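What follows is a set of notes on a single structure, which appears directly below.
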Amino acid sequence: MSDRLPVFPLSTVLFPGLVLPLHIFEERYRALVRELVAQSADEPHEFGVVTLRHGSEVAPDPGDGPAAVAPPVRAEDMYEVGCTAELRHVTELPDGRFDIMTVGRRRFTVLGVEQGPEPYLCARVRWLADEDQVDESAHLLAPRVLTAFRAYLELLRPNSEILDQVPDDPTVLSHLVAATAQLTVEERQLLLATPDTASRLRTELRLLNRESGLLARVRAVPVPLSDLARPASPN
């Protein structure tokens with residue numbers, strides 16, 4: 001079974017449970033926000049976030065200069081697996097733009113791009129299985145990943161408040177690590193597409209050990225770590 005879903009191609013990878021704030025200025029996506037707000041309470045107020053392999057689907061902000069038309073996006077321009085963004089808070093600005101707060105909800109695979117009567121992009125998607133139940137191996141891996149994640153964060157940003165907010169639920173932990181660690185888009189996308197929590201945690205343990213080793217060597221260079229590390233961004 002497949003469903004038709006409005007999609008917003010971005011340069012970021014969204015994970016279930018993670019917050020994604022967006023500034024909406026293009027008219028086509030303003031229309032999408034208005035439609036979502038107008039939906040009844042029992043309808044899903046969500047759209048798909050898919051990561052672009054290259055380029056940008058979003059046209060330049062007209063406030064920054066002459067408006068340009070963004071090129072059409074094809075299925076091959078995007079990664080196959082995305083995550084829906086559930087609308088949680090909407091602020092309409094005086095000029096008609098929106099500042100919205102969304103939270104990642106459920107994963108899907110893009111089967112094909114469809115441009116219908118809507119001004120925004122839509123795709124035919126197949127939903128990936130929820131991870132409500134995790135096996136014993138995930139529960140065994142979670143403490144090891146949590147320990148590695150704490151050690152990594154202490155190297156990256158000593159005394160970070162994130163250290164006090166790390167969850168111990170295996171699936172939630174796996175998504176937080178994937179979104180917070182300083183990984184490439186390809187690595188984040190790989191983690192999003194990983195079918196189960198245990199496999200994701202296993203991959204993250206390897207990546208965290210790799211990154212911690214690199215950070216430990218960087219600290220030997222006489223340059224403040226704060227000048228080298230970039231703080232994590234929800235975008």
Side-chain angles (χ1 to χ4, degrees), residues 1-22 24 26-59 70-88 90 98 100-134 171-172 174-176 178-179 183-197 199-200 203 234-235:
M1 297 292 293
S2 63
D3 286 320
R4 195 166 182 271
L5 179 72
V7 292
F8 199 153
L10 294 171
S11 59
T12 190
V13 182
L14 177 63
F15 290 86
L18 273 294
V19 174
L20 176 64
L22 292 170
I24 308 298
E26 284 193 74
E27 181 50 44
R28 53 181 167 168
Y29 293 117
R30 293 191 207 182
L32 173 58
V33 171
R34 289 192 291 266
E35 290 178 17
L36 291 174
V37 170
Q39 288 179 346
S40 62
D42 57 349
E43 294 180 279
H45 294 65
E46 61 182 345
F47 56 91
V49 171
V50 286
T51 307
L52 286 165
R53 293 182 181 274
H54 49 77
S56 174
E57 199 273 342
V58 179
V73 173
R74 304 162 297 173
E76 55 266 33
D77 296 326
M78 305 181 296
Y79 285 95
E80 291 81 9
V81 177
C83 180
T84 61
E86 184 176 36
L87 207 58
R88 292 293 182 87
V90 177
F98 293 97
I100 65 174
M101 187 67 68
T102 70
V103 175
R105 185 182 175 200
R106 49 181 177 163
R107 299 178 302 148
F108 59 85
T109 298
V110 175
L111 302 178
V113 172
E114 296 184 353
Q115 187 60 66
E118 305 90 351
Y120 45 79
L121 194 66
C122 289
R124 183 64 59 179
V125 304
R126 181 178 66 244
W127 302 108
L128 296 178
D130 291 332
E131 298 182 74
D132 295 331
Q133 300 294 327
V134 296
T171 301
V172 176
S174 73
H175 291 151
L176 179 64
L183 305 175
T184 66
V185 169
E186 289 78 12
E187 288 168 339
R188 283 199 173 100
Q189 191 65 42
L190 172 66
L191 292 171
L192 178 66
T194 300
D196 60 88
T197 298
S199 298
R200 188 178 305 112
T203 300
N235 291 320

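A quick note: this is a predicted structure, and the numbers were derived from the prediction, not measured.
Summarising the geometry of A179 relative to F15, their closest heavy-atom pair is CB-CD1, 3.9 Å, with the distance given to 0.1 Å. The two residues A85 and V49 make their nearest non-hydrogen contact at CB-CG2, 3.9 Å. The two residues L14 and G104 come nearest to each other via the heavy atoms CD2-CA, 3.8 Å. Of all heavy-atom pairs between A123 and V7, the closest is CB-CG1, 3.9 Å. The shortest heavy-atom contact between C122 and P6 is SG-CA, 4.0 Å. Of all non-hydrogen atoms in H45 and S40, the two that sit nearest each other are CE1-O, 3.0 Å.
Residues P44 and R105 are in side-chain contact: their nearest non-hydrogen atoms beyond the backbone lie under 4.5 Å apart. Counting only heavy atoms from C-beta outward, the side chains of L190 and L183 never approach each other to under 4.5 Å. Residues P9 and V50 are in side-chain contact: their nearest non-hydrogen atoms beyond the backbone lie under 4.5 Å apart. A heavy-atom distance below 4.5 Å is not found between the side chains of T51 and R188. Contact annotation: the side chain of V185 approaches that of Y79 to within less than 4.5 Å [non-hydrogen atoms, C-beta and beyond]. A 4.5 Å side-chain heavy-atom check between T84 and W127 finds at least one atom pair inside the cut-off.
The main-chain N or O of L128 is never found under 3.5 Å from a side-chain atom of R106 such that the two would form a donor-acceptor pair. One N or O on the side chain of R53 and one on the backbone of M78 form a donor-acceptor pair closer than 3.5 Å. In this structure a side-chain-to-backbone donor-acceptor pair under 3.5 Å is present from T102 to L20. Within the 3.5 Å criterion, the main-chain N or O of V81 finds a donor-acceptor partner in the side chain of Q189. No side-chain donor-acceptor contact under 3.5 Å links H175 to the backbone of L18. At least one donor-acceptor pair under 3.5 Å links the side chain of R200 to the backbone N or O of T194.
Within the structure, salt bridge (charged side-chain N to carboxylate O under 4.0 Å, His left out) contacts touching residues 12-21 (residues at least two apart or in different chains) do not occur.
For R124, the salt bridge (charged side-chain N to carboxylate O under 4.0 Å, His left out) partners two or more places apart in sequence, or in a different chain, are E114. When the salt bridge (charged side-chain N to carboxylate O under 4.0 Å, His left out) test is applied to E76, the partners found at least two apart in sequence or on another chain are R74.
Here R126 contributes atom CZ and D3 contributes atom CG; the two are 12.0 Å apart, rounded to the nearest 0.5 Å. The CG atom of L32 lies 10.5 Å from the CG atom of L121; values are rounded to the nearest 0.5 Å. Atoms CD and OH, from E35 and Y120 in turn, are 3.5 Å apart once rounded to the nearest 0.5 Å.
Remark: of the listed residues F47, F8, F98, F8 is the sole one forming a ring-ring contact (aromatic ring centres under 6.0 Å, His included) with Y29. Residue P16 is tested with V172, L192, T171 for a side-chain contact (heavy atoms from CB on, under 4.5 Å); the sole match is L192.
R34 and E27 are joined by a salt bridge, as a carboxylate oxygen and a charged side-chain nitrogen come within less than 4.0 angstrom of each other.
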